[in-house]
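Everything on this sheet refers to the single structure shown next.
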Amino acid sequence: IFEVAEAIEQTKISDVTVSQLVGSMATPYGFAAEVCSAHMAQNLGAKCINLHAPAVLSDPDLAARLRNEPIIKSQLDALGHCNKALFAAGSCEPDSHIVSSGLASRSDLDWYVKQGATGVLCGRFIDAEGQAIPGELDDRMIGITLDNLQGLEVGLLVSEGASKVAPMLSAIAGSCVTHVVTSNETARLMLETAD
């Protein structure tokens, strides 16, 4: 997502708002979600709505209170008005971004995999059909829910690599994806796996 945001040629598009889909998190890549949305908005000449909250909290009650804080509530409400989304699919591998960023612990990951998780979209675990796997992390997260990603005018999935094949196919099966940006090798693996 960061690379896409950086690659967008500067332009001016009227009546566009870029919204951050998940709250802030630690990242091994040296940038956070709010940087991606801010750079994308800047390059498009668009308004930007960042989520001013962590992506995951340790306490579900605190997360619920933050989701109801007026400024965060309005930022989350804006996600319900999105007609296009740009997102990546995460794997359920032990070294996946969801673990390295601190969104989920290794034991969280193991639990979701036992429930049938094949991928992660915006911090939410999904099964092979792209359906949400409810779990205790949902009550602690601040960000878009999967139902807000399904059936959009444009759902642009940007991912690549062998470990992303199953998550990408799951996202497609779940009606979140209308377009895919990936490498030739990943596309070939996706086609072979889908057959």
Side-chain angles (χ1 to χ4, degrees), residues 1-5 19-37 50-69 72 75-76 79 82 85-150 155-177 182 186:
I1 304 301
F2 177 79
E3 291 172 4
V4 170
S19 294
Q20 180 181 332
L21 299 180
V22 295
S24 189
M25 67 190 91
T27 175
Y29 306 122
F31 57 85
E34 54 271 22
V35 171
C36 298
S37 53
N50 280 332
L51 281 173
H52 296 109
V56 68
L57 289 105
S58 59
D59 182 327
D61 293 330
L62 176 57
R65 288 195 311 272
L66 278 176
R67 284 191 295 269
N68 284 316
E69 274 296 310
I72 297 171
Q75 293 162 348
L76 290 170
L79 296 177
C82 288
L86 169 66
F87 51 88
S91 77
C92 289
E93 301 292 323
D95 63 348
S96 66
H97 179 67
I98 194 146
V99 174
S100 65
S101 68
L103 249 68
S105 68
R106 180 65 191 273
S107 61
D108 292 329
L109 177 68
D110 292 343
W111 184 87
Y112 280 97
V113 168
K114 285 179 184 169
Q115 308 310 307
T118 56
V120 181
L121 290 182
C122 298
R124 311 289 180 166
F125 284 91
I126 58 172
D127 64 18
E129 287 76 43
Q131 299 305 305
I133 298 178
E136 67 93 16
L137 271 180
D138 293 310
D139 292 334
R140 297 191 290 118
M141 288 200 63
I142 297 180
I144 196 165
T145 57
L146 286 179
D147 59 321
N148 284 119
L149 284 177
Q150 294 172 325
L156 179 58
L157 174 62
V158 180
S159 297
E160 67 91 25
S163 68
K164 303 295 178 71
V165 170
M168 292 172 73
L169 291 172
S170 298
I172 292 168
S175 301
C176 292
V177 180
T182 193
T186 304

So, for [X] and [Y], which heavy atoms are closest and what is the spacing to 0.1 Å?
X: S170; Y: I126; answer: CB-CD1, 3.7 Å
X: G119; Y: P167; answer: CA-CB, 3.8 Å
X: T118; Y: A128; answer: OG1-N, 3.3 Å
X: A88; Y: L121; answer: O-CD2, 3.6 Å
X: E93; Y: S163; answer: CG-CB, 4.2 Å
X: Q20; Y: L51; answer: OE1-N, 3.2 Å

Supply the atom-to-atom distance [X] [atom1] to [Y] [atom2], rounded to the nearest 0.5 angstrom.
X: S100; Y: M25; atom1: OG; atom2: CE; answer: 10.0 Å
X: L79; Y: T145; atom1: CG; atom2: OG1; answer: 8.5 Å
X: L156; Y: I1; atom1: CG; atom2: CD1; answer: 7.5 Å
X: L103; Y: C122; atom1: CG; atom2: SG; answer: 10.5 Å
X: Q131; Y: C176; atom1: CD; atom2: SG; answer: 8.0 Å
X: R67; Y: L57; atom1: CZ; atom2: CG; answer: 8.5 Å

Q) side chain to side chain contact (heavy atoms under 4.5 Å, CB included) with F125: which of V113, L109, D108? A) L109
Would the distance check show the side chain of [X] and the main-chain N or O of [Y] forming a donor-acceptor pair, the cut-off being under 3.5 Å?
X: S96; Y: C92; answer: no
X: D139; Y: E136; answer: no
X: T186; Y: G161; answer: yes
X: S91; Y: K164; answer: no
X: Q75; Y: N50; answer: yes

Q.
Do Y112 and L137 have side chains that approach each other closer than 4.5 Å (heavy atoms only, starting at C-beta)?
A. yes
Q.
Any non-hydrogen side-chain atom of V158 less than 4.5 Å from a side-chain atom of F87?
A. no
Q.
Between L62 and R65, does the side-chain contact (heavy atoms from CB on, under 4.5 Å) criterion hold? Intermediate values first, please.
A. CA-CA 5 Å; L62 176 57; R65 288 195 311 272; 3.6 Å; yes
Q. Salt bridge between D110 and R106, side-chain N to carboxylate O under 4.0 Å?
A. yes
Q: Could you check D138 against R124 for side-chain contact (heavy atoms from CB on, under 4.5 Å), going step by step and ending with a plain yes or no?
A: CA-CA 7 Å; D138 293 310; R124 311 289 180 166; 3.2 Å; yes
